[in-house]
A.B. asks: 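Have a look at this one.
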Amino acid sequence: MSQVSIHNDKLSVTISTTGAELQAIRDWNGVERLWQGDPKFWASHAPILFPVAGGFRDDCYELDGKRYPMPKHGFVRKAEWRLENASESEATFVMDQKNEGFPFAYELRAKYTLAGAELIVTYSVVNKDDKTFYFSVGAHEAYATPEGIDQYEIVFDEPEKLENYVLDGNLIKHDAVVMAESTKTLPLKYEYFAVDALVFRTLKSRGVTLRSALHDREIRVDFPEHDTLMFWTKPGAGYICIEPWCNAPDFVDADYRIDRKPGFIKLAPGETASRRHTITIR
């Protein structure tokens with residue numbers, strides 16, 4: 001494992017070659033905005049989820065009549081990535097490790113680009129196989145809330161009917177719990193996470209802002225290419241994860257066919273697909 005740092009006059013960012021995972025996002029005042037991974041609660045910072053975000057029913061999927069095992073959140077977050085290129089304000093990491101659940105020839109890249117107070121995160125996949133495969137990708141950044149999440153709120157770009165699809169283990173139930181009929185704000189409470197994460201599949205917004213009345217620091221996350229947004233923490237921990245995912249977790253009664261799962265990207269031989277989200281530090 002090694003670490004790579006990029007910076008400009010607004011931000012300083014550190015990324016590990018293990019999982020191509022963000023380790024730090026420091027602002028112009030030197031304030032750390034990313035959770036620093038206290039193992040008492042959760043030791044990670046911002047794992048990349050591929051080729052699935054969340055879990056499949058029975059931890060497997062079917063493609064062309066064959067069943068493949070796949071653990072929750074996939075397998076690349078603990079693997080060693082190669083640093084493909086780096087400059088003062090940009091770094092790209094590449095992964096092509098095969099897995100029994102994903103035995104295809106591919107290249108997955110994670111590119112981190114600084115533009116002023118923005119960190120642009122781009123995941124791209126190239127199908128180098130002679131067979132079509134399906135994949136999804138998700139982000140899992142944990143933002144520091146040292147005062148506790150109950151001092152923070154999420155602000156949506158649009159008024160939302162907040163329908164939370166309740167988790168049952170790694171899977172979701174069909175009946176959503178309506179947390180609000182029409183609102184642009186969600187005050188955060190640890191009680192929301194007594195079971196696990198909040199799962200939103202029906203948002204109109206493609207951008208949210210994390211803010212607190214205690215200070216003027218904000219974090220905005222734009223996710224124009226992702227249909228599912230997750231929030232997650234552990235009770236008492238000083239972080240909140242804001243997670244744009246292409247797919248949602250499987251329903252409790254989902255079939256195994258990956259070609260029928262919402263949010264999964266079909267990639268034919270030779271094709272490339274990418275998904276981007278942007279983190280703006282204020």
A.B. asks: Quick one: do R257 and D259 make a salt bridge, cutoff under 4.0 Å?
C.D. replies: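 Yes, charged N to carboxylate O under 4.0 Å.
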A.B. asks: Under 6.0 Å between ring centres, would you say that holds for F104 and F133?
C.D. replies: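 That pair passes the under 6.0 Å test.
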A.B. asks: Look up atom CG in L267 and atom OH in Y106, then write down how far apart they are to the nearest 0.5 Å.
C.D. replies: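 Nearest 0.5 Å value for the CG-OH distance: 12.5 Å.
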A.B. asks: First locate atom CD of E218, then atom OG1 of T280, and finally report the distance between them rounded to the nearest 0.5 Å.
C.D. replies: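 With rounding to 0.5 Å, CD (E218) is 10.5 Å from OG1 (T280).
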A.B. asks: Just say parallel, tilted or perpendicular for the rings of H226 and H277, cut-offs at 30° and 60°.
C.D. replies: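 If you compare the ring of H226 with that of H277, the planes turn out perpendicular.
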A.B. asks: Determine whether more than 12 heavy atoms belonging to other residues, nucleotides or ligands lie under 6.0 Å from atom NZ of K66.
C.D. replies: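 It does not: K66 NZ has 12 such atoms or fewer within range.
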A.B. asks: Can you check side-chain contact (heavy atoms from CB on, under 4.5 Å) on K111 and E90, steps first, answer last?
C.D. replies: CA-CA 7 Å; K111 182 169 73 172; E90 184 175 278; 3.8 Å; yes
A.B. asks: Checking D27 side chain against N29 main chain: does a donor-acceptor pair fall under 3.5 Å?
C.D. replies: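 A pair under 3.5 Å: yes.
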A.B. asks: Under 3.5 Å, is there a donor-acceptor pair between the side chain of Y112 and the main chain of A20?
C.D. replies: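 Between the backbone of A20 and the side chain of Y112 there is a qualifying donor-acceptor contact (under 3.5 Å).
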A.B. asks: Using a strict threshold of under 4.0 Å (side-chain N to carboxylate O), is an ion pair present between R206 and D227?
C.D. replies: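 A salt bridge links D227 with R206.
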A.B. asks: How about CG on D216, more than 12 heavy atoms from neighbouring residues, nucleotides or ligands closer than 6.0 Å, or not?
C.D. replies: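 Not buried by this count: 12 neighbours or fewer within 6.0 Å.
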A.B. asks: Between F41 and P235, what is the shortest heavy-atom contact and its length?
C.D. replies: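 Scanning both residues completely, I find the closest heavy atoms to be CE2-O, 3.7 Å.
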A.B. asks: If we check ring-ring contact (aromatic ring centres under 6.0 Å, His included) with Y68, which of these qualifies: Y134, F102, Y61?
C.D. replies: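 Among Y134, F102, Y61, the one that satisfies the ring-ring contact (aromatic ring centres under 6.0 Å, His included) with Y68 is Y61.
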A.B. asks: Knowing that exactly one of V121, L34, I242 qualifies, which makes a side-chain contact (heavy atoms from CB on, under 4.5 Å) with I279?
C.D. replies: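 When V121, L34, I242 are each tested with I279, the side-chain contact (heavy atoms from CB on, under 4.5 Å) holds only for V121.
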A.B. asks: For D175, look at atom CG and say whether over 12 heavy atoms of other residues, nucleotides or ligands are found less than 6.0 Å away.
C.D. replies: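 It does not: D175 CG has 12 such atoms or fewer within range.
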A.B. asks: Could you give the distance from CD (E62) to NZ (K261), rounded to the nearest 0.5 Å?
C.D. replies: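 If I round to the nearest 0.5 Å, the distance is 9.0 Å.
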A.B. asks: Taking the side chain as C-beta and beyond, is there a heavy-atom pair between V125 and V137 under 4.5 Å?
C.D. replies: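 Of all side-chain heavy-atom pairs linking V137 with V125, none is under 4.5 Å.
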A.B. asks: Measure from the side-chain N and O atoms of K131 to the backbone N and O of A105, and report whether any donor-acceptor pair falls under 3.5 Å.
C.D. replies: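 No, the answer is negative, given that no donor and acceptor are paired below the 3.5 Å cut-off.
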A.B. asks: To the nearest 0.5 Å, tell me how far L210 CG sits from Y143 OH.
C.D. replies: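 Atom-to-atom, L210:CG and Y143:OH are 9.0 Å apart.
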A.B. asks: Can you list the steps and then say if F200 with M179 is a side-chain contact (heavy atoms from CB on, under 4.5 Å)?
C.D. replies: CA-CA 11 Å; F200 295 112; M179 301 178 69; 3.8 Å; yes
A.B. asks: Within a 6.0 Å radius of atom CZ on R276, are there more than 12 heavy atoms belonging to other residues, nucleotides or ligands?
C.D. replies: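 Incorrect, the count does not exceed 12.
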A.B. asks: Of all heavy-atom pairs between T209 and R220, which one has the smallest distance, and what is that distance?
C.D. replies: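 The answer is OG1-NH1, 3.7 Å.
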A.B. asks: Donor-acceptor pair, distance only, cut-off 3.5 Å: does the side chain of T92 make one with the backbone of N85?
C.D. replies: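 Judged by distance alone, no pair lies under 3.5 Å.
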A.B. asks: Is the distance from the ring center of F264 to that of F56 below 6.0 Å?
C.D. replies: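 Under 6.0 Å, so yes.
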A.B. asks: Between NZ of K189 and CG of L198, what distance do you get to the nearest 0.5 Å?
C.D. replies: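 K189 atom NZ to L198 atom CG measures 11.5 Å (nearest 0.5 Å).
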A.B. asks: Just checking, is any N or O donor in the side chain of T18 or E80 under 3.5 Å from an acceptor N or O on the other one?
C.D. replies: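 Side-chain D/A pair, T18 to E80: present.
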A.B. asks: Could you tell me whether D38 and K234 have a side-chain N and a carboxylate O separated by less than 4.0 Å?
C.D. replies: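 Salt bridge: no.
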A.B. asks: Looking at E21, is its backbone amide N or carbonyl O close enough to the side chain of Q23 to form a donor-acceptor pair, meaning the two atoms are under 3.5 Å apart?
C.D. replies: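 Yes: the side chain of Q23 pairs with the backbone of E21.
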A.B. asks: When you measure from the side chain of E141 to the backbone N and O of C241, does any donor-acceptor pair fall under 3.5 Å?
C.D. replies: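 Checked: no pair found.
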A.B. asks: Which of these passes ring-ring contact (aromatic ring centres under 6.0 Å, His included) with H73: F50, W245, W232?
C.D. replies: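 Running ring-ring contact (aromatic ring centres under 6.0 Å, His included) over F50, W245, W232 with H73 returns exactly one hit, W245.
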A.B. asks: Using modelled atom types and a 3.5 Å cut-off, is there a donor and acceptor pairing between side-chain atoms of S136 and backbone atoms of N247?
C.D. replies: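 Yes.
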A.B. asks: Please report the closest heavy-atom contact between S124 and S274, naming both atoms and the distance.
C.D. replies: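 In terms of heavy atoms, the two residues are closest at CB-CB, 3.8 Å.
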A.B. asks: I'd like to know whether H7 forms a side-chain contact (heavy atoms from CB on, under 4.5 Å) with R26, so could you lay out the CA-CA distance, the side-chain angles of the two residues, the decisive distance to 0.1 Å, and finally the verdict.
C.D. replies: CA-CA 9 Å; H7 67 274; R26 296 185 184 91; over 6 Å; no
A.B. asks: Got a donor-acceptor contact below 3.5 angstrom from the K161 side chain to the V178 backbone?
C.D. replies: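 Between the backbone of V178 and the side chain of K161 there is no qualifying donor-acceptor contact (under 3.5 Å).
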A.B. asks: For A273 versus F135, what's the shortest heavy-atom pair and its separation?
C.D. replies: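 Shortest heavy-atom separation between A273 and F135 comes out as CB-CZ, 4.1 Å.
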A.B. asks: Just verifying a value: how many Å separate T113 OG1 and L119 CG, rounded to the nearest 0.5 Å?
C.D. replies: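 It is 8.0 Å, given to the nearest 0.5 Å.
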A.B. asks: Which heavy-atom pair separates I172 from A248 by the least distance, and what is that distance?
C.D. replies: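 Smallest interatomic distance, heavy atoms only, reads CD1-CB, 4.4 Å.
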A.B. asks: Just by distance, do the side chain of S205 and the backbone of D157 share a donor-acceptor pair under 3.5 Å?
C.D. replies: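 Side chain of S205 to backbone of D157, a donor-acceptor pair under 3.5 Å: yes, one is there.
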A.B. asks: Can you give me the closest heavy-atom contact between N127 and D129, atom names plus distance?
C.D. replies: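 Result for this residue pair: OD1-N, 2.8 Å.
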A.B. asks: Considering residues, nucleotides and ligands other than E191, do more than 12 of their heavy atoms fall under 6.0 Å from its CD?
C.D. replies: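 More than 12 heavy atoms, drawn from other residues, nucleotides or ligands, come within 6.0 Å of this atom.
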A.B. asks: Taking the six-membered ring for Trp and the single ring otherwise, decide whether the centroids of W35 and Y239 are under 6.0 Å apart.
C.D. replies: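 Between Y239 and W35, which both carry aromatic rings, the centre distance is below 6.0 Å.
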A.B. asks: Between the main-chain N or O of S5 and the side-chain N or O of T14, is there a donor-acceptor pair closer than 3.5 Å?
C.D. replies: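 A pair under 3.5 Å: no.
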